[in-house]
Amino acid sequence: MKIASFNINGIKARADALTDWLKEAEPDVAILQEIKSVDENFPREIFEDLGYNVETHGQKSFNGVALLSKLPLEDVTRGLPGAEGAGRDGGDDEEARYIEATVVGETQALRICGLYLPNGNPVDLDADGTPVPGSKYDYKLKWFDRLTARAEALLAEEQPFLMAGDYNLIPQPEDAKRPEAWKDDALFRLESRAKFRRLTALGLTDALRVRNGAPDTYTFWDYQAGAFQKNDGIRIDHFLLSPQAADLLTDCQIDAFTRAKDKPSDHVPIWVDLDL
DNA sequence: ATGGTGGTGCGACCA
């Protein structure tokens, strides 16, 4: 089963590019981020015509995640648990960044968690260096904690699951062409990386890291300054697999070719193949 | 490096 993740940076601008890639790559499941659309305006018919079931968790203008699947999507839930009081304004977290569903393979079921982790910039710190409550950076770190809590709950079930999407996180210096340029950025600061490490240390496998240790392997290049042409990229889109899912992993690749086409997203797809 | 580009949706805000 081929499962892909793709931050499309707006469904309106990317409908054609996304359709072309789906026809070429033929994933069984596509986990989408930054649809930048409310549910009612997502052009679901385009993807239903290609044989996909469609589940969205949208929002006006920003964020928004979706799942496309050739197999039925069961037990769909929207939103990361722990939203109560977790918004930046102290209210509930209403940003559409998380969706879960179960797909049933030939031998067993797989829980799929699609996520769009907050960017976290600008980094806003108190005089003593602690993230300012209510700041974007504070929201990112707390969102990481909620994701980790969700992973702990799923791990307790000892079933195959994966958490995939745009983590807005560069795990290691080798995951950036110019790590020094990202030193103080929310995507690479040590506090952010510690959160990611804590999550993976629960026992989750970074699928690309174990399947493909090739250097200069990135999933995002800025639109500016010819970043893609210079391969001045970062690896921030990740597949984290539970132990039971990691046992089924047969491949993990990045479809960087999509970045060279017309009207590309600034991200490219990453996918895994699981033997289920 | 000061967003230099690009998306959403029509004024900013986000990345």
Between A:Phe220 and A:Arg235, is there a cation-pi geometry (under 6.0 Å to ring centre, at most 45° from the normal)?
no
Can you tell me how far P of B:dG9 sits from CD1 of A:Ile11, to the nearest Å?
12 Å
Would A:Glu100 and A:Arg111 pass as an ion pair if we require N to O under 4.0 Å?
yes
Quick one: A:Phe228 CZ to B:dG4 C1', roughly how many Å, whole number?
20 Å
Among B:dG4, B:dG3, B:dG7, the one nearest A:Lys263 by side-chain distance
B:dG7
Do the side-chain N and O atoms of A:Ser135 and A:Asp124 include a donor-acceptor pair separated by under 3.5 angstrom?
no
Every stem of 3 or more Watson-Crick or G-U pairs under 3.5 Å that DNA chain B joins, in order of first number, is B:5-8 with B:12-15
Taking atom P in both B:dT2 and B:dG11, what distance in whole Å separates the two?
29 Å
Round to a whole Å and report the spacing from CZ of A:Arg14 to C1' of B:dG6.
8 Å
Decide if atom CG of A:Asp49 counts as having more than 12 heavy atoms of other residues, nucleotides or ligands within a radius under 6.0 Å.
yes
Should the pair A:Asp175-A:Arg209 be classified as a salt bridge under the 4.0 Å nitrogen-to-oxygen rule?
yes
When the C1' atoms of B:dA15 and B:dG4 are considered, how many whole Å apart are they?
14 Å
Once you round it to whole Å, what is the distance between P of B:dG7 and NZ of A:Lys12?
11 Å
Whole-angstrom distance between B:dT5 and B:dG9, as gauged at atom P
22 Å
Distance col, row A:Asn121:CG vs A:Leu187:CG, nearest 0.5 angstrom, shows 6.0 Å
What's the CG-P distance between A:Leu187 and B:dG3, to the nearest Å?
17 Å
How is A:Ala13 classified with respect to the nucleic acid when contacts are heavy atoms under 4.0 Å: base, sugar-phosphate, or nothing?
sugar-phosphate
Test: A:Asp138 and A:Arg88 ion pair at under 4.0 Å:
no
Whole-Å distance separating the CH2 atom of A:Trp221 from the P atom of B:dG4:
23 Å
B:dC14 and B:dG3, which share atom name C1', separated by this distance in whole Å
11 Å
Are more than 12 heavy atoms, taken from residues, nucleotides or ligands other than A:Glu106, located less than 6.0 Å from that residue's CD atom?
no
Quick one, give me the B/S/- string for nucleotides 10-15 of chain B, reading 5' to 3', where B means a protein heavy atom under 4.0 Å from the base and S means that only happens at the primed atoms, P, OP1 or OP2.
S--BSS
Which whole-number value in Å describes the distance from A:Asp232 CG to B:dT5 P?
16 Å
Only one of A:Ile31, A:Leu240, A:Leu204 forms a side-chain contact (heavy atoms from CB on, under 4.5 Å) with A:Leu162, so which one is it?
A:Ile31
